[in-house]
Amino acid sequence: EPSGMTLASLHADVIVDLFEKIYNDCNADEVQIVKLEIAFLPFFKYYGHPKNIVRYLQSHPDEYVYLLSKVDKPNKSEESPISEEQRKEAKVAHDILEHFCIIPGCNTEQLSEEIFKNWVYRGQCCAQEIGCSEAFELSLGKLLSYAPNGMDGIFPHEIVRKYLETNTSSTLINEFIIGKRNQRGVHVVTGGIEEKEMARSYYAQAEELRITYPNTAAILERLGDDYNRESLYEQKKELMNFY
C-alpha cells in the first residue's frame, strides 16, 4: 500500500516468515530477493538470516571484499572526509557482513577444501587490488571462528585447521580468538565455574591436536588461558561481593 502502514506494523518474525515463503518459491528471482533482503535487513537481526545474500557472498568473494571496503578505509595514509551517503553505505555493508557467518566450503551443507581455498584466494587477490588487505584478514579471522567442529568432534573443522597451520598471521589469529569468544554472548554468572570448565575443555582439545595440528593446538590453548583468567576474575569478584 502507498502509506506502508501495514508493513510498518508487522512484527519482525512475520516479515521473516514471509521471506521463508519466498525462499520456497522456485520461480522467485534471486536478484530481486537479495534486493528485498537488503531493504528489510533490520528484520533479520534477531530472526534468522538473509539466505540469498549469504548464498550470493559465498560464491562472490569479490562482492564480500567490496562490502568490506565500504566499512573499512583502504590501506592509505591520506584520510578524506566521509560524507553522509558514505556513512549510510557503510552501515548497510556492516549489517550485511554481520549476517555472513557461514564459511564457504566449510559448513554443514557443503564441505570442500577446494571451494574454501579458492574463496579465500580470490578474496585476498581482490582485497590486495583495491587496498583493503588488512580489513580482509581481520574479517577472515572472525569468519573462521564460526567453523563447525571437525569429524573428531573437536573445534575447528579440519579444513580450517589446515589453513591455520600454514597461515600464522597474528592479526588473523587474534581476530579468530576474539570472534570465538564473542559468540558466547550473554551468559549466567557462575562464579567462574563455567569458565573453568570451558578452559579445561579447550586444554583437552589442544592436547588432542598437539601433534597433528600444533598451531591450532596453540590457539586452543590461548582460548583456554583466556577462560582460565576469566574464571579467576569471576571468583575474586564473587569473594569481594561476599565480604
Side-chain angles (χ1 to χ4, degrees), residues 1-74 80-110 112 115-116 118-133 135-147 179 182-183:
E1 60 188 18
S3 67
M5 291 298 292
T6 301
L7 202 57
S9 65
L10 292 176
H11 196 267
D13 58 352
V14 177
I15 296 292
V16 174
D17 184 57
L18 287 172
F19 269 100
E20 286 297 330
K21 289 181 172 62
I22 294 173
Y23 295 145
N24 292 327
D25 183 357
C26 299
N27 298 316
D29 187 314
E30 289 193 2
V31 175
Q32 290 299 328
I33 297 174
V34 168
K35 290 179 180 179
L36 279 172
E37 287 175 332
I38 293 174
F40 292 93
L41 205 57
F43 289 92
F44 289 96
K45 188 170 184 180
Y46 302 108
Y47 299 85
H49 294 284
K51 295 181 179 180
N52 276 42
I53 289 177
V54 172
R55 190 182 300 117
Y56 184 78
L57 293 179
Q58 283 186 315
S59 56
H60 294 80
D62 53 326
E63 292 293 339
Y64 178 83
V65 174
Y66 172 75
L67 290 172
L68 280 178
S69 71
K70 293 293 182 182
V71 178
D72 295 270
K73 293 181 179 179
S80 56
I82 301 175
S83 67
E84 186 59 31
E85 186 64 28
Q86 288 175 315
R87 290 183 189 279
K88 290 179 180 179
E89 288 182 351
K91 175 66 167 59
V92 173
H94 173 270
D95 291 346
I96 291 174
L97 291 172
E98 282 296 298
H99 286 285
F100 190 72
C101 52
I102 300 177
I103 304 171
C106 184
N107 55 73
T108 53
E109 296 180 358
Q110 182 188 60
S112 170
I115 290 175
F116 168 75
N118 185 52
W119 190 91
V120 172
Y121 175 74
R122 287 169 58 195
Q124 288 172 331
C125 290
C126 185
Q128 187 173 7
E129 185 178 333
I130 66 175
C132 61
S133 298
F136 181 76
E137 192 172 22
L138 285 165
S139 187
L140 181 61
K142 178 182 177 181
L143 179 61
L144 295 183
S145 72
Y146 286 96
N182 287 344
Q183 289 170 40

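Index from 1, following the sequence. Model, not experiment: these values are computed from the prediction.
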Using a strict cut-off of less than 4.0 Å between a Lys/Arg side-chain nitrogen and an Asp/Glu carboxylate oxygen, indicate whether K21 and D17 qualify as a salt bridge.
yes
Does some side-chain heavy atom of Q58 sit less than 4.5 Å from a side-chain heavy atom of I115?
no
For E30 and N52, indicate whether the former's side chain and the latter's backbone hold a donor-acceptor pair under 3.5 Å.
no
Can you list every side chain to side chain donor-acceptor pair (under 3.5 Å) pair that touches residues 118-128, not counting sequence neighbours?
Q124-Y163
Any chance the rings of F44 and F19 have centres within less than 6.0 Å?
yes
Answer yes or no: is there a side-chain heavy-atom contact under 4.5 Å between L57 and L67?
yes
So how far is it from H49 NE2 to R55 CZ, rounded to the nearest 0.5 Å?
13.5 Å
Roughly how far apart are I22 CD1 and Q32 CD, rounded to 0.5 Å?
10.5 Å
Could you check whether atom OH of Y66 has more than 12 heavy atoms from other residues, nucleotides or ligands sitting under 6.0 Å from it?
no
Heavy-atom nearest pair, F136 first then V65, reads CD1-CG2, 3.9 Å
Return yes when atom CD of E20 has more than 12 non-hydrogen atoms of other residues, nucleotides or ligands closer than 6.0 Å, and no otherwise.
yes
Let me see the working for S139 and Y64 under side chain to side chain contact (heavy atoms under 4.5 Å, CB included), right down to the final yes or no.
CA-CA 10 Å; S139 187; Y64 178 83; 2.3 Å; yes
In Å, rounded to the nearest 0.5 Å, how long is the span from CD of E129 to OG of S69?
11.5 Å
Tell me whether Q183 at atom CD has more than 12 heavy atoms from other residues, nucleotides or ligands lying less than 6.0 Å away.
yes
What distance do L138 atom CG and S133 atom OG have between them, rounded to the nearest 0.5 Å?
11.0 Å
Using the rule given for side chain to side chain contact (heavy atoms under 4.5 Å, CB included), can you reason through L18 versus Y23, listing the C-alpha separation, both sets of side-chain angles and the distance that settles it, and then say yes or no?
CA-CA 9 Å; L18 287 172; Y23 295 145; over 6 Å; no
Which is it for L41 and I53 under the side chain to side chain contact (heavy atoms under 4.5 Å, CB included) test, yes or no, and what are the steps along the way?
CA-CA 10 Å; L41 205 57; I53 289 177; 4.3 Å; yes
Rounded to the nearest 0.5 Å, what's the gap from CD1 on I96 to CD1 on I38? Could you check?
4.5 Å
In this structure, CD1 of I103 is separated from CG of L140 (nearest 0.5 Å) by 8.5 Å
Residue pair Y146, I102: steps toward the side chain to side chain contact (heavy atoms under 4.5 Å, CB included) verdict
CA-CA 7 Å; Y146 286 96; I102 300 177; over 6 Å; no
K142/E137 ion pair, N-O < 4.0 Å:
no
